[in-house]
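First comes the structure, then the notes that go with it.
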Amino acid sequence: MNEENKTIITGFILFGFGDQPELQILFFLLFLVIYFMTMTGNLILVILVVTDRHLHNPMYFFLGNLSCLEICYSSTILPRMLSSFITGNRNITFSGCFTQLYLFGFLVTTETCLLSVMSYDRYLAICQPLHYHLCMNKKICISLATGSWVGGGFSVSIVVTWMVQLTYCGFNEIDHFYCDFVPLSKLACGDNSLFIEIAFLLSSIFTFPLFMLTIASYIFIILAILRNPSTLGRKKAFSTCSSHLIVVTIFYGSLMIVYLLSDDSLIRSSTKLFSLFYTILTPMLNPLIYSLRNKEVKEALKKLPQMLLLGF
């Protein structure tokens with residue numbers, strides 16, 4: 001290894017979308033609108049879930065948690081990204097990069113937990129309606145939500161703590177718009193392929209069962225809907241879970257493309273584009289998907305101006 005590659009890195013450069021300098025202002029305006037819509041949409045959903053008594057049930061309790069997560073999720077990446085478009089400064093400190101990596105990993109893992117819990121909630125509501133209120137009482141809902149947040153924070157701590165202890169040398173440019181695990185781990189000195197494999201194994205041990213629970217829940221839900229002899233009943237049952245199914249498909253679909261199919265040269269060249277789906281676009285689309293396809297949310301939304309005027 002030559003002397004240049006032995007230089008110890010104390011900070012990083014997030015290359016992001018810097019290869020198109022003539023589009024920086026356009027990118028800034030585009031992502032500013034996305035950030036505003038994300039924050040506004042998710043904040044409104046949280047307010048609706050808290051203030052409207054018709055939304056005081058397990059499904060909307062978990063939806064409120066998901067909206068809070070999306071607010072934190074977007075705020076972890078977008079403000080730093082917007083600043084770089086205006087100032088042109090793409091530098092990020094060593095501690096800042098790993099803080100962003102931890103928060104991103106914590107929130108994305110928590111989201112897999114919440115999506116799994118929400119899928120299980122829909123399974124109980126459709127397939128086990130007589131036991132629903134017993135299995136999804138207030139205490140259990142709070143425990144599941146708390147477990148999702150705590151589990152997400154704990155699971156990613158092991159990998160990030162390990163990564164912080166690695167030595168980074170040579171190039172310090174991360175070809176991404178945030179500090180992601182794969183591009184950051186490639187900057188570590190020496191052969192780190194074993195570390196990457198172990199990190200993916202640890203992540204899979206935690207997230208794969210959650211993914212399978214989500215898949216299993218929807219298999220049983222779809223079978224239950226198909227067995228329903230009433231057309232109206234099938235339509236009503238599907239309407240209660242279709243929004244969540246769309247969100248799950250977008251979230252897991254983009255994650256799989258980025259992390260499981262990244263060896264493909266075509267996918268690798270479009271990693272940043274696919275990453276936009278689960279890091280930026282999904283948090284913005286979630287409120288739209290849940291509100292546009294949900295009668296109760298739309299009704300609560302109509303009453304929101306009146307509740308705000310009356311101070312809830």
[atom1] of [X] to [atom2] of [Y]: how many Å apart, nearest 0.5 Å?
X: Arg90; Y: Ile174; atom1: CZ; atom2: CD1; result: 13.5 Å
X: Ser185; Y: Leu166; atom1: OG; atom2: CG; result: 8.5 Å
X: Leu82; Y: Ile34; atom1: CG; atom2: CD1; result: 9.5 Å
X: Ile13; Y: Asn91; atom1: CD1; atom2: CG; result: 5.0 Å
X: Cys68; Y: Trp149; atom1: SG; atom2: CH2; result: 6.5 Å
X: Ser155; Y: Phe206; atom1: OG; atom2: CZ; result: 4.5 Å

With no hydrogens and no angle check, is any side-chain donor or acceptor of [X] less than 3.5 Å from a backbone partner on [Y]?
X: Tyr102; Y: Gly153; answer: yes
X: Ser116; Y: Thr112; answer: no
X: Ser254; Y: Phe277; answer: no
X: Ser74; Y: Ile71; answer: no
X: Asp180; Y: Pro183; answer: no
X: Thr146; Y: Ser143; answer: no

If you group Ile, Leu, Val, Met, Phe, Trp and Tyr by side-chain heavy-atom gaps below 4.5 Å, do [X] and [Y] land in one group?
X: Ile222; Y: Ile225; value: no
X: Leu210; Y: Leu66; value: no
X: Leu276; Y: Val33; value: yes
X: Leu144; Y: Phe61; value: yes
X: Leu213; Y: Val150; value: no

Between [X] and [Y], does any side-chain donor sit less than 3.5 Å from a side-chain acceptor?
X: Asn286; Y: Glu70; answer: yes
X: Asp52; Y: Tyr60; answer: no
X: Thr214; Y: Tyr120; answer: no

Give the ring-plane orientation class for [X] versus [Y], where under 30° counts as parallel, over 60° as perpendicular and anything between as tilted.
X: Tyr178; Y: His176; value: tilted
X: Phe251; Y: Tyr278; value: perpendicular
X: Phe17; Y: Phe177; value: parallel

Apply side-chain contact (heavy atoms from CB on, under 4.5 Å) to the pair Leu78 and Phe31, showing each step before the final yes or no.
CA-CA 7 Å; Leu78 276 171; Phe31 288 111; 4.0 Å; yes
Is the closest side-chain heavy-atom distance between Leu124 and His131 below 4.5 Å?
no
Decide yes or no for Trp162 and Val159: does some side-chain heavy atom of the first lie under 4.5 Å from some side-chain heavy atom of the second?
no
Looking only at heavy atoms, the pair that brings Ile140 and Cys135 closest together is CD1-O, 3.2 Å
For Arg80 and Ile92, which heavy atoms make the closest approach, and how far apart are they?
NH2-N, 3.9 Å
Between Ile86 and Gln24, does a side-chain contact (heavy atoms from CB on, under 4.5 Å) hold up when you go through it step by step?
CA-CA 7 Å; Ile86 291 297; Gln24 297 303 291; over 6 Å; no
Run the numbers on Met136 and Phe62 for side-chain contact (heavy atoms from CB on, under 4.5 Å), then give the verdict.
CA-CA 11 Å; Met136 277 294 173; Phe62 295 127; 4.1 Å; yes
Could you go step by step and tell me if Thr38 and Tyr73 meet the side chain to side chain donor-acceptor pair (under 3.5 Å) rule?
CA-CA 10 Å; Thr38 300; Tyr73 203 180; over 6 Å; no
Would one find more than 12 heavy atoms of other residues, nucleotides or ligands at under 6.0 Å from atom CZ of Phe220?
no
For His56, does the NE2 atom have more than 12 heavy-atom neighbours from other residues, nucleotides or ligands under 6.0 Å away?
yes
Dump the intermediate steps for side-chain contact (heavy atoms from CB on, under 4.5 Å) on Asn65 and Leu69, then the final yes or no.
CA-CA 6 Å; Asn65 273 268; Leu69 183 144; over 6 Å; no
Is the distance from the ring center of Phe98 to that of Phe94 below 6.0 Å?
yes
